[in-house]
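A quick write-up on the structure given underneath.
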Amino acid sequence: MLRPTSEDDQTLAYNFRMLEWTLRSVAVWPTDYNPHLPKYLRGRYFISEVINALYLLFWFFVCAHIAAFHVVSIVTVDLSYDELFLTLITTSIYSIMIPLSAYLRLYEGKVRRLYEFSIRYFRKRSAAGVHYVSMSSCYRFVNRCQFWWLVICVLGTMHWALYPILSQERTLPFSCWYPVDVQQSPMYELAYTFQVLGQLQVSLVFGLAGALFMVFVFMVSSQFDMLCCSLTNVRQSAMILNGGYHRKVRHCQDNYELDIRGYVLQEVFREDLDTVQPTNTRSKLDQLSPSQTYLMELSSELTCVLEDCITHHLLLLRFCKLLEDCYHPYILLKLFQILLLLCFLAFMATVESLSMMKLINVLEYFMLTMTELYLYCFLGHILMNQGLKVGDALWTSPWHQCGASYRRRMLIVLMNTQRPLRLTALKLYELNLETYYTVIKAAFSYYTLIKKFR
């Protein structure tokens, strides 16, 4: 793994390690136990691999036994219509948990590749100009978002586990078939513990997977903001590179009307022109015909700045492709799970015989599911818009004051922006706000159908 080189990179690395540690705590990612073993046992007898496999089997059993016992309840127990759908909610959650956990374990290498790509290639700020966008803003915002998202996930799921305590009844969070009498001690305590661990596993796996996805999308969105800021400031950046236009750049900065609405985080900083140093970097100009040798002022510097923007844009397109390849199977599973949950939870929320405590739990889970659906669709929509606005930023730049060499390179950026950035569900459905409305409509259509057959 790459070693972080700056304070921002160290912050990102710390947050990634915390997410990684939590994923390992529920056996979603494998753990190397060799550093914790005595020296004479490290790397010998496959002890680390055996412990890792046993720990994985433990958490797999926690999830699988709840799903299996609920399936048996549906097949063998004479449940009422309302009890059946309450059982189906838990069955769908834990049944889909198994392939989701397997996905996260199998795709661990791809997730790490995304992290290492961001450490190696992501810029810390936009090019020097009258103003700039910094990656520090993204790190602060992402830290807050992932913290509160994990808190919401844990609180939204653990209420089911606390229901027997709050209701002061000797019942399990999820009533289902067991091969033994779980009303007697110590089987009741053991079954209750495993169901609590199962709910904790659900909250952490779903929450951490969403948090990682959120981190990557907001990071690349911030990079697109930097690219757009660099394109908007392209002429001022060329003046700073030249070093002979200090007064003119200062005048541009004092009279520039900044519009921060086009940036995701809406946080832009004023450039400190006294600390910016000129450079002798030059780009090899095109061989132009005499008829194209117009607007040659700062031509070399402008070409150099735009070439840097082109390189940055190509890196971001490459990262988005890696992100799509990594997450498109997971997104399809999540959309399918959310569709089922919204349908079942909407039905349970309208059941008249449901107790007040369980109604509160159902409504909390319903709001959490709606929030999770909106989060994924909103992130996909943001990334799509970020890719489209690169071309807009280029057109709003002072390209009409630049020569033929600049305009030739400008076409490269425009051609790349013609390919929309898309996050999809197994290449079948695009992740955007339209999908959000489509899933909600489908869920409530199925809900209406179920109500008619009640």
Side-chain angles (χ1 to χ4, degrees), residues 67 84-101 103-104 107 145 148-150 152-153 156-157 160 202-203 205-214 216-218 221 320 323-351 361-388 420-454:
L84 173 63
F85 277 88
L86 194 59
T87 305
L88 284 173
I89 292 174
T90 309
T91 306
S92 62
I93 292 172
Y94 284 93
S95 297
I96 297 178
M97 257 288 295
I98 297 173
L100 284 179
S101 298
Y103 155 80
L104 290 172
Y107 278 64
C145 286
W148 287 111
W149 173 243
L150 290 174
I152 290 171
C153 288
T157 55
W160 289 85
V202 167
S203 63
V205 171
F206 290 168
L208 290 167
L212 277 171
F213 184 69
M214 183 195 312
F216 290 134
V217 171
F218 275 120
S221 296
C320 291
L323 186 66
E324 159 71 5
D325 292 341
C326 179
Y327 275 96
H328 70 91
Y330 174 82
I331 291 172
L332 181 66
L333 286 171
K334 286 302 298 181
L335 291 181
F336 177 69
Q337 180 206 31
I338 288 171
L339 177 63
L340 290 178
L341 284 180
L342 287 179
C343 177
F344 296 153
L345 289 168
F347 176 82
M348 291 306 303
T350 58
V351 172
N361 289 339
V362 167
L363 291 176
E364 284 185 346
Y365 221 111
F366 181 82
M367 294 304 298
L368 177 61
T369 306
M370 288 283 290
T371 305
E372 188 176 28
L373 173 62
Y374 183 78
L375 172 69
Y376 283 100
C377 293
F378 177 68
L379 292 174
H381 193 78
I382 282 181
L383 191 58
M384 180 183 66
N385 287 339
Q386 289 295 94
L388 293 174
L421 297 176
R422 300 186 308 162
L423 294 176
T424 66
L426 205 64
K427 312 293 184 180
L428 300 175
Y429 306 99
E430 291 188 22
L431 202 59
N432 50 39
L433 292 182
E434 184 179 348
T435 303
Y436 174 75
Y437 299 124
T438 301
V439 172
I440 291 178
K441 281 191 235 179
F444 280 91
S445 297
Y446 297 140
Y447 157 74
T448 305
L449 187 63
I450 292 171
K451 290 287 285 185
K452 287 183 179 180
F453 286 97
R454 183 177 178 181

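All residue numbers refer to positions in the sequence shown, counting from 1. All of these numbers come straight from a predicted model, not from anything done at the bench.
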* Structure fact -> So CG of Leu426 and CD1 of Ile331: to nearest 0.5 Å the spacing works out to 10.0 Å
* Considering residues, nucleotides and ligands other than Phe366, do more than 12 of their heavy atoms fall under 6.0 Å from its CZ? -> yes
* Asked: If you round to the nearest 0.5 Å, how far is CG of Leu388 from CG of Leu421?
  -> 7.5 Å
* **For Gln337, the option from Leu342, Thr369, Ile96, Leu332 that meets side chain to side chain contact (heavy atoms under 4.5 Å, CB included)** => Ile96
* Asked: To the nearest 0.5 Å, how far apart are OG in Ser95 and CG in Leu88?
  -> 9.5 Å
* Other residues, nucleotides, ligands: >12 heavy atoms within 6.0 Å of Tyr103 OH -> yes
* With sequence neighbours left out, which residue pairs that include part of residues 370-387 fulfil the salt bridge (charged side-chain N to carboxylate O under 4.0 Å, His left out) condition? -> Lys334-Glu372
* Could you give me the CA-CA distance, side-chain angles and deciding distance for Phe213 and Tyr330, then say whether side chain to side chain contact (heavy atoms under 4.5 Å, CB included) is met? => CA-CA 10 Å; Phe213 184 69; Tyr330 174 82; 5.9 Å; no
* In this structure, are over 12 heavy atoms from other groups packed under 6.0 Å from Tyr429 atom OH? -> no
* Polar contact flag, side-chain donor to acceptor under 3.5 angstrom, Thr424-Glu324 -> yes
* Whether Phe344 and Phe85 hold their rings parallel, tilted or perpendicular, with breakpoints at 30° and 60° -> perpendicular
* **Leu433 CG to Ile382 CD1 distance, which is reported to the nearest 0.5 Å** => 9.0 Å
* **Spacing of CD1 belonging to Ile440 relative to CD1 belonging to Ile338, to within rounding of 0.5 Å** => 10.0 Å
* State the CD1-CG distance between Ile98 and Leu333, to the nearest 0.5 angstrom. => 12.0 Å
